[in-house]
2 protein chains.
Amino acid sequence: MEPMALGKDYAHQQCSIARALEVVGERWTLLVVRDAFYGVRRYNDFLTHLGAPRAVLAARLQALVEAGVLDRRRYQESPPRDEYVLTARGLALWPVLRALGAWGRAEVPGAVPVRHFHHADCGTELGPYGECPACRVPVPPGDVEMRPGAGLDPDPGDPVGRALLGTRRLLVPLPHGWEGGNS
Amino acid sequence: MEPMALGKDYAHQQCSIARALEVVGERWTLLVVRDAFYGVRRYNDFLTHLGAPRAVLAARLQALVEAGVLDRRRYQESPPRDEYVLTARGLALWPVLRALGAWGRAEVPGAVPVRHFHHADCGTELGPYGECPACRVPVPPGDVEMRPGAGLDPDPGDPVGRALLGTRRLLVPLPHGWEGGNS
DNA sequence: CAGGGTCAGTTCATTCAATGAACCTTGGTG
DNA sequence: CACCAAGGTTCATTGAATGAACTGACCCTG
């Protein structure tokens with residue numbers, strides 16, 4: 001059998017859903033993409049925030065780059081360091097994450113809202129498909145403001161989780177190098 | 001460590017997306033749900049259409065029943081036979097499948113549309129979130145008509161694939177026992 | 001310039017899940 | 001009674017995930 005990168009072999013399925021799952025259907029993959037929307041860009045930040053094994057994370061990042069979902073690019077030369085940012089194809093996954101999150105919030109029992117997503121332009125909370133009910137337009141992820149909800153752990157163990165506590169705009173990179181912030 | 005049914009252990013994630021993926025994030029699971037929308041209800045039909053190993057299918061069906069996504073119910077007594085049908089919670093996954101399918105069609109290279117989904121009331125093709133652009137309402141899956149697209153294999157090997165060739169309304173169970181139809 | 005620290009991985013032994021084939025059970029059919 | 005269908009279960013094998021340890025490039029501090 002052929003190498004097949006890591007395709008899960010249900011490519012033969014006559015279905016765009018199956019094709020999408022070939023790319024983003026593996027364990028951890030969609031959580032990596034979610035974190036990328038939250039502003040995570042560096043290997044170590046994905047690592048600490050996700051808690052995934054290092055080898056798995058490396059494999060997923062590489063697969064997402066090969067699939068054109070993430071772009072790997074140099075952000076400093078001296079110790080050569082790369083970051084992973086969403087491409088247009090990756091940004092197009094926003095409705096998938098919205099739909100999954102909406103379902104997880106509404107349909108999994110005992111779910112307290114962890115985060116809220118608002119239209120940055122007008123402050124209205126987004127509808128289930130990522131549209132703004134007030135402006136009646138689909139809101140691109142760059143115009144989404146993420147606000148903490150009641151279910152959000154106010155003191156996560158990892159620094160990335162702490163950086164994601166406040167109100168933030170999606171896709172804005174996590175702060176690095178300057179100063180942690182509070183305390 | 002606790003039994004944990006088959007939860008993939010990223011439940012600790014502070015995120016409704018992660019909670020959703022706990023339920024439907026495993027290999028094959030979303031394809032089972034997709035087939036349920038297409039009208040597949042029986043173990044053997046899932047089996048032949050998906051090509052998943054029997055043990056995996058049995059595990060996924062059971063997990064989906066326990067998660068309240070599918071309902072298992074007796075459809076005949078004499079040889080006792082059960083079928084699996086979507087619950088309200090399962091039906092709420094329709095936007096997730098729509099979003100995944102839309103992304104797979106639009107963003108995975110070389111994808112020819114396999115199926116089209118239309119509003120049964122007016123015939124308009126659905127938008128990316130499952131809404132009807134003409135009626136401007138979200139279309140519940142029961143009002144969706146599925147039509148074959150150019151990318152659909154006109155002669156699939158399995159009988160279930162053949163039964164799904166034509167124009168069908170979602171959720172309508174596959175024909176059984178009477179007569180196959182054509183040829 | 002030795003020692004320690006950071007970042008981004010790779011390697012490796014172990015564990016766990018997926019695969020495919022065979023088998024089993026219940027109840028009908030010829 | 002032999003055979004078949006539906007809906008599984010069991011089991012050996014393969015493959016992927018896990019977590020810990022290690023590597024290597026580069027910087028900083030004393």
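Quick caveat: nothing in here was measured; it's all calculated off a predicted structure. Chain letters run A, B, ... following the sequence lines, proteins first and then strands; every chain starts at 1. Note: hydrogens, waters and symmetry copies are ignored here, and every other heavy atom, side chains too, is used.
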Nearest-neighbour nucleotide for the A/Pro53 side chain, C/dC7, C/dT10, D/dT18 considered | D/dT18
Polar side-chain atom of B/Arg60 near backbone of B/Arg27 as donor-acceptor pair, under 3.5 Å = yes
Pull out every residue in residues 33-41 of chain A that has a heavy atom closer than 4.0 Å to any atom of DNA chain D, ordered by number, or say none.
-> none
Hey, can you pull the residues of residues 70-82 of chain B with a non-hydrogen atom under 4.0 angstrom from DNA chain D?
-> B/Arg72, B/Tyr75, B/Arg81, B/Asp82
Would you please test B/Arg81 and B/Glu83 for salt bridge (Lys or Arg N to Asp or Glu O under 4.0 Å) and show each step?
-> CA-CA 7 Å; B/Arg81 291 286 181 262; B/Glu83 62 185 1; over 6 Å; no
If you check the B/Glu26 side chain, which of D/dG8, C/dA18, C/dG9 turns out closest?
-> C/dA18
How long is the line joining CZ of B/Arg60 and P of D/dG8, in whole Å?
-> 15 Å
Nearest whole angstrom, please: distance from the C1' of C/dA8 to the CG of A/Leu61.
-> 10 Å
Nearest-angstrom distance from the residue atom CG of A/Leu50 to C1' of D/dG19 = 16 Å
Got B/Leu86 and B/Leu70 here, is their nearest side-chain heavy-atom distance under 4.5 Å?
-> yes
Does the base of C/dA8 carry an N or O that pairs as donor and acceptor with the side chain of A/Arg54 under 3.5 Å?
-> yes
Judged by atom type as modelled, is there a donor-acceptor pair below 3.5 Å linking the side chain of B/Arg105 to the main-chain atoms of A/Cys15?
-> no
Provide the full list of salt bridge (Lys or Arg N to Asp or Glu O under 4.0 Å) pairs with a residue in residues 124-144 of chain A, sequence neighbours left out, each pair given once.
-> A/Asp143-A/Arg169
Indicate yes or no for a side-chain donor-acceptor contact from A/Thr167 to the backbone of A/Arg147 under 3.5 Å, with no hydrogens or angles considered.
-> no
Can you tell which of C/dT19, D/dT18, D/dG7 lies closest to the side chain of B/Arg27?
-> C/dT19
d(CG, B/Leu57; P, D/dG8) in whole Å = 8 Å
Provide, to the nearest angstrom, the distance between the CG atom belonging to B/Leu31 and the P atom belonging to C/dA18.
-> 14 Å
Taking only the side-chain nitrogens and oxygens of A/Tyr84, find out if one of them lies under 4.0 Å from OP1 or OP2 of C/dG9.
-> yes
Hey, is the main chain of B/Arg54 close enough, under 3.5 Å, to the side chain of B/Tyr43 for a donor-acceptor pair?
-> yes
For A/His176 and C/dC7, give me the distance from atom NE2 to atom P, rounded to whole Å.
-> 8 Å
Grab the CD-P distance between A/Glu83 and C/dG9 for me, whole Å please.
-> 12 Å
Separation of D/dG7 atom P from B/Asp45 atom CG, nearest Å, is 8 Å
Do the side chain of B/His118 and the main chain of B/Gly123 share a donor and acceptor less than 3.5 angstrom apart?
-> yes
Taking B/Arg89 for its side chain and A/Glu107 for its backbone only, find out whether a donor-acceptor pair lies under 3.5 Å.
-> yes
